[in-house]
Amino acid sequence: MLYREAGQFRTSYEADQQIFPIRQDRIAFALLMAVAVVGVPLFASDYWLTAILIPFLVFALASLGLNILTGYAGQLSLGTAAFMAVGAFAAYNFQLRVPGIPILVSFLLGGASAALVGVAFGLPSLRIKGFYLAVATLAAQFFVPWLLVKVGWFSNYSASGVITAQKIEILGFVFDSPVRRYLLVLAIVALLALAAKNLVRSRIGRAWMAVRDMDVAAEVIGIRIMRTKLIAFAVSSFYCGVAGALYAFAYLGSVEPDAFNLDLSFRILFMVIIGGVGSILGSFLGAAFITLLPILLEVLLHGGAGLLGLNLSPGTPSMMQLVVFGGLIIFFLIVEPHGLARLWQIAKEKLRLWPFPY
Amino acid sequence: MSEPASHEHNPGRRIGGTLLSVDNISLAFGGVKALTDISFDVREHEIRAIIGPNGAGKSSMLNCINGVYTPQQGRIRFDGQEFQRMDPHKAASMGIARTFQNIALFKGMSVLDNIMTGRMLKMRTNLFLQALYVGPNRREELEHRRHVEHIIDFLQIESVRKTPVGRLPYGVQKRVELGRALAAEPRLLLLDEPMAGMNIEEKQDMCRFVLDVNDEFGTTIVLIEHDMGVVMDISDRVVVLDYGKKIGDGTPGEVRANKAVIDAYLGVAH
Ligand SMILES: Nc1ncnc2c1ncn2[C@@H]1O[C@H](COP(=O)(O)OP(=O)(O)OP(=O)(O)O)[C@@H](O)[C@H]1O
Ligand SMILES: [Mg+2]
């Protein structure tokens with residue numbers, strides 16, 4: 001009932017170009033941020049922070065990165081986890097080898113290193129498209145973890161390439177509790193999400209989508225196709241790299257190269273597909289969904305088994321998870337390629353018109 | 001706005017010197033000779049039509065002019081500069097814009113974004129400022145938005161500005177594509193069958209847009225069209241192609257009286 005834009009006339013293009021032109025959306029977003037910044041730290045348990053909220057934010061950032069490349073620029077990639085690995089190991093090495101380097105700078109440099117690697121593996125996109133490009137990015141997916149294990153220097157010669165992230169300290173303030181780490185990750189992810197939103201509504205975002213939708217027409221307008229694609233690879237991999245650094249430093253603490261395997265790449269691709277291809281919001285929805293789904297399933301399964309008096313074999317929940325994932329992916333690919341974000345938008349449009357259907 | 005009457009008599013419009021000339025262009029795809037030794041010129045501010053039966057090589061000609069295809073022989077001279085081969089980016093930056101025979105819009109983007117994309121080359125701010133969306137970038141977006149809104153008003157597509165173009169009817173998509181080309185403020189506008197598949201009213205609207213663009217902005221237009229009525233009405237001079245060869249060139253009146261042209265058209269049952 002309250003979701004109306006009646007009486008809100010956007011009288012300038014400036015007002016119309018805001019991220020949330022409708023007032024109710026602005027209020028809802030402000031509330032959400034208030035909950036995230038104030039409510040969560042007050043009420044969330046350490047388990048929720050470390051096992052759900054932090055990974056959710058990290059995965060959302062990685063999905064954002066992949067969504068820029070795949071959803072906006074139309075270049076399919078299966079190398080997400082590899083770019084995350086580069087970010088994590090680069091940040092670790094900058095911390096290790098550059099005395100006194102601020103941690104945030106290491107994160108940024110981790111992202112930048114991933115961007116360079118991303119551009120290198122993006123070069124084939126200048127010649128090949130779609131499925132074949134995806135196969136080419138697989139090369140990154142297998143090469144990077146292999147190299148990180150093979151060359152001991154990257155992990156400071158630890159056994160099987162495990163790195164243990166240094167402690168996070170900014171201006172003397174140590175982020176040693178889950179709440180503090182959560183707030184740091186939240187701040188970084190929020191800022192980068194805002195930047196991504198700004199990029200996709202600016203010139204480069206339009207260039208990405210133009211290349212995605214109709215490359216001949218884009219070229220005729222004067223868009224440089226190669227440069228546009230490589231920028232997409234760079235920006236996307238930067239996001240994945242920072243996500244990887246946070247994955248190591250704020251989520252797991254210590255991590256081995258094999259954690260960044262093809263499984264992780266697929267998991268993030270699923271987040272993008274389920275959340276919404278070509279949507280910033282969708283990256284968050286998809287990450288939330290896939291992070292929460294196992295927990296939800298577990299509760300449902302155990303509840304259901306308890307009710308029916310069944311004895312679950314230990315493998316059942318994870319198998320159910322795969323089945324449900326598979327089903328959802330197929331559903332979204334066929335029925336709603338724009339994912340949860342699109343469903344959300346449709347719901348809002350309906351709500352806007354409610355109770356009059358026209 | 002007035003009727004899309006013939007504007008041959010419009011005294012305010014001055015045709016200038018040669019803006020574009022194509023000299024001895026030949027283009028083949030494997031064994032298929034799409035164009036054979038074609039030469040013609042286009043003068044500043046004129047509306048130049050290219051006509052001919054299906055497969056005559058009309059679209060290929062436009063593709064050579066803005067560098068989508070590279071002819072095996074011949075030269076293209078635009079605005080005093082000569083090119084063995086044009087490339088699309090160069091063509092765009094020199095002020096050549098175009099529409100396509102089969103609509104080539106960015107399907108997932110809104111009307112507004114499609115037309116904004118047409119102004120790509122006029123925008124300057126760097127990636128970093130775009131990520132921040134402050135200062136110069138915000139100003140630039142607004143300034144170009146204002147320009148794009150003029151085009152949207154001009155083409156009377158205000159009500160669909162936020163709609164993804166994939167959802168629009170064919171006739172409206174054709175207009176949006178014209179809008180995207182106009183957004184670049186081109187000196188030379190190449191239109192590949194802008195009225196194909198339209199009903200009478202839509203055609204009249206499109207004719208009026210083309211004439212208005214030519215009149216108000218002085219844009220030079222090269223236009224491919226099958227509807228002879230339209231061609232005779234709005235063009236200053238006509239090139240006729242058949243099987244990749246030029247068989248006629250002149251004012252609509254001259255072309256209509258040309259024996260070779262009549263034969264070509266009778267041969268194709270028109
Ligand atoms: N990319 C291409 N590859 C191979 N052959 C081509 C290509 N483009 C055009 N041709 C051939 O060149 C010839 C001229 O085609 P073109 O599209 O220029 O004709 P047209 O005059 O625009 O025809 P229509 O009125 O049907 O649009 C045709 O025989 C066509 O098959
Ligand atoms: Mg054609």
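These numbers come from a predicted model, not from an experiment.
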Stepwise salt bridge (charged side-chain N to carboxylate O under 4.0 Å, His left out) test for Glu185(B) and Arg119(B)
CA-CA 8 Å; Glu185(B) 299 173 56; Arg119(B) 294 189 69 74; 3.0 Å; yes

Side chains of Arg138(B) and Asn198(A): do they bring a donor and an acceptor to under 3.5 Å?
no

Which atoms of [X] are under 4.5 Å from chain A, going by heavy atoms: the side chain, the backbone, both sets, or neither?
X: Asn137(B); value: side chain
X: Leu112(B); value: neither
X: Arg124(B); value: backbone
X: Leu132(B); value: backbone
X: Thr117(B); value: both

Would you say the side chain of Arg48(B) lies within less than 4.5 Å of the side chain of Val239(B), judging by non-hydrogen atoms?
yes

Pick one of side chain, backbone, both or neither for Val235(A), based on which atoms fall under 4.5 Å of a heavy atom in chain B.
side chain

Report which part of Ile231(A) has an atom under 4.5 Å of a heavy atom belonging to chain B: side chain, backbone, both, or neither.
side chain

With chain B as the partner, which of [options] has the greatest number of non-hydrogen pairs under 4.5 Å?
options: Ile223(A), Val200(A), Ile225(A); value: Ile223(A)
options: Lys197(A), Glu219(A), Met209(A), Arg224(A); value: Arg224(A)
options: Ala210(A), Ala218(A), Gly278(A), Ala196(A); value: Ala210(A)

Can you tell me if Asp213(A) uses its side chain to pair, donor with acceptor, with the backbone of Gly108(B) under 3.5 Å?
yes

Would you say the side-chain atoms of Lys229(A) pair up with the backbone N or O of Leu126(A), donor to acceptor, closer than 3.5 Å?
no

Pair count under 4.5 Å, heavy atoms only, with chain A: among His144(B), Glu177(B), Arg180(B), highest is Arg180(B)

Interface check, chain A: of Met109(B), Arg146(B), Lys107(B), Glu140(B), most non-hydrogen pairs under 4.5 Å belong to Met109(B)

Taking atom CZ of Arg201(A) as the centre, does the number of heavy atoms from other residues, nucleotides or ligands within less than 6.0 Å exceed 12?
yes

Approximate separation, where rounding is to 0.5 Å, of Leu76(A) CG and Ser125(A) OG
11.5 Å

Are the aromatic rings of Phe209(B) and Phe154(B) close, with centres under 6.0 Å apart?
yes

